[in-house]
Amino acid sequence: MFSRMTAPFRALGLSPVSVAPEYQRRGVGAALIKAGLALAKEQGWDVVFVLGDPAYYERFGFRAELAQGFISPFAGPHLLALFLKELPRTTNVQIDYAPAFAAL
Ligand SMILES: CC(C)(COP(=O)(O)OP(=O)(O)OC[C@H]1O[C@@H](n2cnc3c(N)ncnc32)[C@H](O)[C@@H]1OP(=O)(O)O)[C@@H](O)C(=O)NCCC(=O)NCCS
């Protein structure tokens, strides 16, 4: 699922990603993520954030260093970003997941 984030640019949060156990490790997760990112780019979104394991998400281009400098309760080594467009470098900018995530 991709949901709109609150940020001073057009940002999406990728979460959750889930494949039924009996269908895992067959490329389903990668196919879903790649198709979602392609659609997000086509629709003009600027950035996609994900909170997850870099070992998995780096293969799609997500990087922890690209998420540094953003203010989030999830800031740290597992908050990753993928820029779909060139954006001016910003620091100390607040990014927030949709309220339903904060309520968890
Ligand atoms: C993560 C998940 C969506 C991947 O889906 P998938 O269809 O199995 O993924 P793919 O077949 O495209 O890719 C499999 C690769 O991902 C790796 N992988 C899967 N989960 C991983 C994880 N948590 N950390 C690192 N690597 C992971 C596998 O080791 C495998 O690597 P390989 O290609 O080098 O063998 C699936 O394992 C899942 O639903 N997990 C439970 C929910 C979850 O943890 N979601 C992520 C956080 S929201």
Side-chain angles (χ1 to χ4, degrees):
M1 186 169 82
F2 291 83
S3 57
R4 183 187 297 264
M5 294 180 71
T6 305
F9 40 75
R10 295 194 73 210
L12 289 173
L14 169 58
S15 177
V17 185
S18 186
V19 174
E22 62 271 32
Y23 292 102
Q24 288 179 7
R25 304 196 85 145
R26 297 186 198 177
V28 176
L32 286 169
I33 293 169
K34 283 180 189 167
L37 292 173
L39 195 58
K41 189 170 179 140
E42 194 183 303
Q43 293 182 352
W45 293 91
D46 297 326
V47 187
V48 181
F49 289 92
V50 66
L51 187 65
D53 188 340
Y56 185 63
Y57 291 103
E58 280 184 353
R59 67 189 69 189
F60 307 105
F62 288 97
R63 296 284 181 272
E65 56 267 31
L66 296 176
Q68 280 171 10
F70 292 107
I71 300 165
S72 161
F74 305 110
H78 292 97
L79 182 66
L80 317 175
L82 170 63
F83 283 71
L84 300 174
K85 282 184 191 168
E86 291 276 335
L87 286 185
R89 179 113 184 101
T90 47
T91 51
N92 295 326
V93 166
Q94 180 85 28
I95 54 161
D96 286 301
Y97 277 85
F101 288 96
L104 288 175

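Both counts, for ligands and for their atoms, begin at 1 and track the order of listing. Just so you know, residue 1 is the first one in the sequence shown, and it goes up from there. The structure presented is a predicted model; accordingly, all values stated were derived computationally and were not measured.
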Starting from [Y], can I reach [X] by hopping between I/L/V/M/F/W/Y residues whose side chains sit under 4.5 Å apart?
| X | Y | value |
| --- | --- | --- |
| Leu82 | Phe2 | yes |
| Phe60 | Val19 | no |
| Tyr97 | Phe70 | yes |
| Met1 | Leu79 | yes |

Any side-chain heavy atom of Leu14 sitting closer than 4.5 Å to one from Tyr57?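 Yes, side chains in contact.
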
Is the shortest side-chain heavy-atom distance between Leu80 and Tyr56 below 4.5 Å?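 Sidechains of Tyr56 and Leu80: no contact.
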
Do any nitrogen or oxygen atoms of [X] come within less than 3.5 Å of a nitrogen or oxygen of ligand 1?
| X | result |
| --- | --- |
| Ser15 | no |
| Ala31 | no |
| Ala55 | no |

Using a strict cut-off of 4.0 Å, indicate which atoms of ligand 1 neighbour a heavy atom of [X].
| X | value |
| --- | --- |
| Arg26 | 11 (O) |
| Ala30 | 12 (O) |
| Ser18 | 39 (O) |

Set of side-chain hydrogen bond (donor to acceptor under 3.5 Å, both in side chains) partners for Gln94, sequence neighbours left out: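 Result, side-chain hydrogen bond (donor to acceptor under 3.5 Å, both in side chains) vs Gln94: Asp96.
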
Among all protein heavy atoms in this structure, tell me which lies nearest to [atom], with the distance rounded to 0.1 Å.
| atom | result |
| --- | --- |
| atom 7 (O) of ligand 1 | Gly29 N, 2.7 Å |
| atom 11 (O) of ligand 1 | Gly27 N, 2.7 Å |
| atom 14 (C) of ligand 1 | Arg25 CA, 4.1 Å |
| atom 31 (O) of ligand 1 | Arg59 NH1, 3.7 Å |
| atom 13 (O) of ligand 1 | Tyr56 CE1, 3.7 Å |
| atom 47 (C) of ligand 1 | Tyr57 OH, 3.8 Å |
| atom 42 (C) of ligand 1 | Val17 O, 3.7 Å |
| atom 24 (N) of ligand 1 | Asp53 OD2, 3.0 Å |

Could any protein non-hydrogen atom be found less than 4.0 Å from atom 36 (C) of ligand 1?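 Neighbour list for atom 36 (C) of ligand 1 includes protein heavy atoms (cut-off 4.0 Å).
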
Flag atom 29 (O) of ligand 1 as yes if some protein heavy-atom distance to it falls below 4.0 Å, otherwise no.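 It does: a protein heavy atom is found less than 4.0 Å away from atom 29 (O) of ligand 1.
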
Verdict with supporting geometry, Leu37 and Lys34, side chain to side chain contact (heavy atoms under 4.5 Å, CB included): CA-CA 5 Å; Leu37 292 173; Lys34 283 180 189 167; 5.7 Å; no

For the CD atom on Glu22, are there more than 12 heavy atoms of other groups (residues, nucleotides or ligands in this structure) within a distance under 6.0 Å?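 Correct, the count exceeds 12.
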
Should we say atom CZ of Arg63 is surrounded by more than 12 heavy atoms from elsewhere, each under 6.0 Å from it?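 Enclosed: over 12 neighbouring heavy atoms sit under 6.0 Å from CZ of Arg63.
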
Would you mind writing out the side-chain donor-acceptor pairs for residues 45-53 within the sub-3.5 Å range, not counting sequence neighbours?
| from | atom 1 | to | atom 2 | distance (Å) |
| --- | --- | --- | --- | --- |
| Asp46 | OD1 | Lys85 | NZ | 3.3 |
| Asp46 | OD2 | Arg10 | N | 2.8 |
| Asp53 | OD1 | Ala55 | N | 2.9 |

Option of least heavy-atom distance to atom 38 (C) of ligand 1 (set: Glu58, His78, Gln24):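 Answer by nearest heavy atom: Gln24.
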
